[in-house]
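Letters A, B, ... mirror the listed sequences (proteins, then strands); counts begin at 1.
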Amino acid sequence: MSNVIDMLNDKQKEAALHTEGPLLILAGAGSGKTRVITNRIAYMIDECGVNPWNILAITFTNKAAGEMRSRVDDMVGFGADSIWVATFHSTCVRILRRYIDKIGYDTNFTIYDTDDTKAVMKGICKRLKVDTKQMPERAFLSAISHAKDEMITPSDYALDAAGSYGAEQVAKVYAEYEKELKKSNALDFDDLLLKTVELFKAWPDILDSYQERFRYIMVDEYQDTNTVQFEFVKLLAAKYRNICVVGDDDQSIYKFRGANIRNILDFEKVYPDAMVVKLEQNYRSTQNILDAANAVIGNNKGRKDKALWTDKGEGGLIHFRQCDSAYDEAEYVADSIAANKRDGKYDYRDCAILYRTNAQARLLEEKLIFEGIPYDVVGGVNFYARREIKDILAYLKTIDNARDDIAVKRIINVPRRGIGATTINKVQDYANANDISFYDALKKADEIPSIGRSSDKLKPFVNMIQVFRSKLPHITLEELVNDILETTAYIENLEADDKEDEESRIENIEEFINKVVAYEEEQEDEPTLSGFLEEVALVADIDNVNTDSNKVLLMTLHSAKGLEFPHVYLTGLEEGLFPSYMNIVSDDPSELEEERRLCYVGITRAMDELTITSARQRMVRGETQYNAPSRFVKEIPSALFDLKVPGNRIRLSDGNVPVKAKPYAMPAHERNAKARPYIASASKAMAAPSILTGKDIGSSGSLDYGEGDTVRHIKFGEGVVLKIEKGTRDYEVTVDFKGYGVKKMFAGFAKLKKI
DNA sequence: CACAGGTCTCTTTTT
DNA sequence: GAGACCTGTG
């Protein structure tokens with residue numbers, strides 16, 4: 001037997017050797033899923049004579065796709081690059097770029113992101129005079145998105161809606177929205193799947209050609225697929241039935257985005273002859289961490305029964321700490337990371353801080369800066385969603401596809417050209433009346449009677465775009481972007497405009513140009529403007545994570561799926577935040593189960609050490625909230641917690657009932673944290689070494705004072721160091737303070753300064 | 001038409 | 001607490 005198979009355990013082997021017919025791999029967290037998939041592909045190519053060209057592997061992110069390709073590449077002699085590895089969305093885009101003209105679109109369609117669709121919806125609601133106080137734009141968008149996920153057309157929707165005022169409204173708006181996108185030759189994210197399925201159904205010979213091409217299909221993260229995605233896969237696999245799906249129902253966390261957990265739970269119903277393999281041996285985490293994860297997820301009903309185990313050993317206990325405030329929480333985490341680094345226990349890159357909502361990142365960032373800890377935040381505001389980047393992209397989109405009304409309107413007065421809302425409305429009215437695009441109406445500005453002298457302002461804009469367009473075939477994308485920036489004096493206008501963010505915006509633009517250059521360099525075929533825009537439209541935040549640099553990573557639990565870290569900090573475990581308030585009050589109990597799965601995902605990211613934190617008090621949307629620790633914490637058996645962690649006042653009995661804490665003496669470091677006004681630490685943050693210099697202050701590995709030295713403490717003032725002991729996680733320093741007496745404290749927290 | 005300054009609302013999670 | 005939105009003024 002080949003060595004690619006020998007590397008696997010028995011269960012994994014079973015999965016890898018089953019290359020023909022439907023296969024469901026239930027892969028628990030950390031069970032070596034990627035290894036099975038890659039080895040299975042290698043086995044098919046090397047041992048079964050499968051042509052790599054006939055293999056399609058669909059992953060969740062571009063990052064995962066890239067990793068899979070390079071791992072297969074390392075294993076097989078040649079041919080790995082002809083395997084089609086891509087995300088659902090990019091796979092569909094590639095198909096549609098070729099054939100979408102068959103269903104009435106131009107092959108140079110643009111892809112509308114969330115902002116763009118919002119802009120479209122705003123216009124529609126205004127036009128249809130919808131009361132957006134009653135029914136906000138995003139409600140329509142989410143209804144439409146769900147309809148598309150379920151393959152419900154506007155006319156289907158209208159039929160079902162009869163009788164219900166709200167649904168009728170949605171149906172009307174939905175129909176209008178479709179018309180608008182079509183007119184703009186634009187597709188939204190959901191359309192990419194939907195139109196591909198439509199194409200396949202309308203043109204059986206096209207479907208057939210793809211069925212012939214993709215004789216072996218693999219889908220990763222199958223638990224997160226929605227109905228259209230499943231339909232897409234089902235159609236492709238209908239002929240050869242070599243479909244292998246890999247997933248874990250316990251990690252299904254995208255219901256809000258339409259993911260249908262039934263896809264994985266009912267796979268065997270759709271494919272009765274499917275072979276099912278369960279991978280339960282975990283190669284990532286210690287047994288304690290797995291026990292915690294199993295205990296939490298065990299509270300969910302209607303899941304496929306499984307339990308992770310490992311031969312890695314028990315490992316250390318899980319830390320839990322309830323802090324007084326979110327500030328304290330952030331400080332605790334930052335201090336812990338600094339201490340770990342100093343002790344040589346974990347490097348920055350070994351640590352990840354996870355949270356439920358993006359907003360939580362801010363405080364954490366401040367404390368990390370204060371401690372001089374280098375970090376990267378994944379997500380938040382997507383790079384390509386930033387104003388300056390969207391502006392440049394809008395120029396590029398306008399040049400590429402002038403039917404993209406949203407793009408044209410975005411830049412028509414950016415930088416300012418004295419073209420205001422009144423003029424824009426008149427042009428739009430004219431466009432509507434003549435059933436032409438906004439840009440085409442601009443070209444005919446002379447013929448719009450009501451517009452008057454404003455047409456003098458419109459002409460130069462149209463000319464400029466036409467000039468860019470005529471240059472396009474002769475220059476590189478980088479040159480084009482620079483040309484746009486120069487012609488419009490974009491940066492100069494930026495400087496005049498907002499002084500505050502100017503610097504970071506210019507940096508972003510530079511970064512954008514780097515990405516343009518990178519695209520042109522790595523592109524094997526002719527790099528094109530459309531190709532670049534397409535790539536940009538489909539990148540996820542996680543795709544840009546640079547794992548080479550030695551930095552702490554901050555991200556949401558959703559972004560963390562599929563990743564692993566030696567030390568994971570799970571923050572904000574509070575009722576109302578995680579699980580979120582929305583899901584606690586929801587009458588649909590499955591919402592809470594989804595939160596629990598999210599918690600399960602978080603716990604199982606940890607390899608060696610897991611720290612869970614919560615705050616008693618936290619600012620949420622400008623309002624202070626007081627929250628109890630999350631129910632999920634209470635679902636973890638208390639025996640798994642390290643109760644000796646300073647500051648942990650929660651005692652959990654094995655009956656999962658919190659026991660009233662005994663009077664608690666606040667450790668010195670925590671009192672300081674409280675006594676110190678937050679502003680003070682913010683100003684000190686500036687004095688801390690910049691992360692940009694690459695100097696990490698926490699890395700000395702030893703203290704800069706010794707026994708007998710006089711030191712200063714932020715609250716207790718001057719004192720003499722009596723003793724320094726090396727503890728398990730930090731140095732314990734005993735100091736005799738003038739006026740405060742002898743105190744024992746952790747060096748990592750106390751931040752004593754030698755004087 | 002642009003801009004300053006006030007008010008209002010709130011996505012949890014994202015391809 | 002921030003961003004989107006509205007309104008009055010120049």
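In this structure, A/T422 reaches the sugar-phosphate backbone alone: every heavy-atom distance under 4.0 Å involves primed, P, OP1 or OP2 atoms, never a base. Counting any heavy atom pair closer than 4.0 Å across all strands shown, A/S580 reaches a base atom. Contacts of A/D190 with the nucleic acid, taken as non-hydrogen atoms under 4.0 Å apart, are absent. Here A/K122 lies in heavy-atom contact (under 4.0 Å) with sugar-phosphate atoms only. Residue A/T61 is out of contact with every strand shown, counting any heavy-atom pair closer than 4.0 Å. Among the protein residues, A/D191 comes within range of no part of the nucleic acid, since none of its heavy atoms lies under 4.0 Å from any strand. Contacts of A/F88 with the nucleic acid, taken as non-hydrogen atoms under 4.0 Å apart, are absent.
Closest contact between the side chain of A/R362 and the listed nucleotides B/dT13, B/dA2, C/dG1 involves C/dG1. Distance from the side chain of A/R621 is smallest to B/dT12 among B/dT12, B/dT15, B/dA2. When distances are taken from the side chain of A/T423 to each of B/dT15, B/dC1, B/dT14, the shortest belongs to B/dC1. Checking B/dT14, B/dC3, C/dC5 against the side-chain heavy atoms of A/R416 singles out B/dC3 as nearest.
For A/R631 and A/E635, the salt-bridge test fails: no basic side-chain N is under 4.0 Å from an acidic carboxylate O. One finds a salt bridge joining A/D116 and A/K390 here, because a Lys/Arg side-chain nitrogen approaches an Asp/Glu carboxylate oxygen to under 4.0 Å. The existence of a salt bridge linking A/R94 and A/E534 is excluded, since no basic side-chain nitrogen approaches an acidic carboxylate oxygen closer than 4.0 Å. A salt bridge between A/R616 and A/D324 is present, with a side-chain N of the basic residue lying under 4.0 Å from a carboxylate O of the acidic one. Between A/D149 and A/R257 there is no salt bridge, since no side-chain nitrogen of the basic residue lies less than 4.0 Å from a carboxylate oxygen of the acidic one.
Going from the C1' atom of B/dT11 to that of B/dT15 covers 16 Å, rounded to whole Å. Annotation: B/dT12 and C/dC5 have their C1' atoms spaced 23 Å apart (nearest Å).
Dashed line: the shortest gap from a side-chain N or O of A/N358 to OP1 or OP2 of B/dT13 is under 4.0 Å. Contact check, A/N413 against B/dA2: a side-chain N or O comes under 4.0 Å of OP1 or OP2. Checking the phosphate oxygens (OP1, OP2) of B/dT15, no side-chain nitrogen or oxygen of A/N226 falls inside 4.0 Å.
In this structure, A/Q223 atom CD and B/dT15 atom P are separated by 15 Å, rounded to whole Å. With rounding to whole Å, A/L577 atom CG is found 15 Å from B/dC10 atom C1'. Rounding to whole angstrom units, CD of residue A/E623 and C1' of B/dT9 are separated by 12 Å. The nearest whole Å value for the distance from the CD atom in A/E137 to the P atom in C/dA4 is 13 Å. Atom NE2 in A/H146 sits roughly 12 Å away from atom C1' in B/dT14 (whole-Å rounding). A straight line from CZ of A/R387 to P of C/dA2 spans 16 Å, rounded to a whole angstrom. In this entry the distance linking NZ of A/K195 with P of B/dT15 reads 22 Å, nearest Å. The NZ atom of A/K390 sits 12 Å away from the P atom of C/dA4 (whole-angstrom rounding).
Judged by ring centres under 5.5 Å apart and planes tilted less than 30 degrees, A/F256 stacks against the six-membered base ring of B/dT13.
Judged by distance alone, with hydrogens and angles left aside, A/R138 brings no side-chain donor or acceptor close enough to the base of B/dT11 to form a pair under 3.5 Å. Between the base of B/dT12 and the side chain of A/T357 there is no donor-acceptor pair shorter than 3.5 Å.
Taking for each of A/G418 and A/E591 the nucleotide of DNA chain B with the nearest heavy atom, the 5'-most of the two is the partner of A/G418. If you find the closest nucleotide of DNA chain B to A/R417 and to A/T556, the one lying nearer the 5' end belongs to A/R417.
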What verdict does the side chain to side chain donor-acceptor pair (under 3.5 Å) test give for A/E231 and A/Q229, after you've listed the backbone C-alpha separation in whole Å, the side-chain angles of each residue and the deciding distance to 0.1 Å? CA-CA 5 Å; A/E231 186 66 21; A/Q229 289 168 335; over 6 Å; no
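Aromatic rings from A/F256 and A/Y254 are positioned such that their centres are separated by under 6.0 Å.
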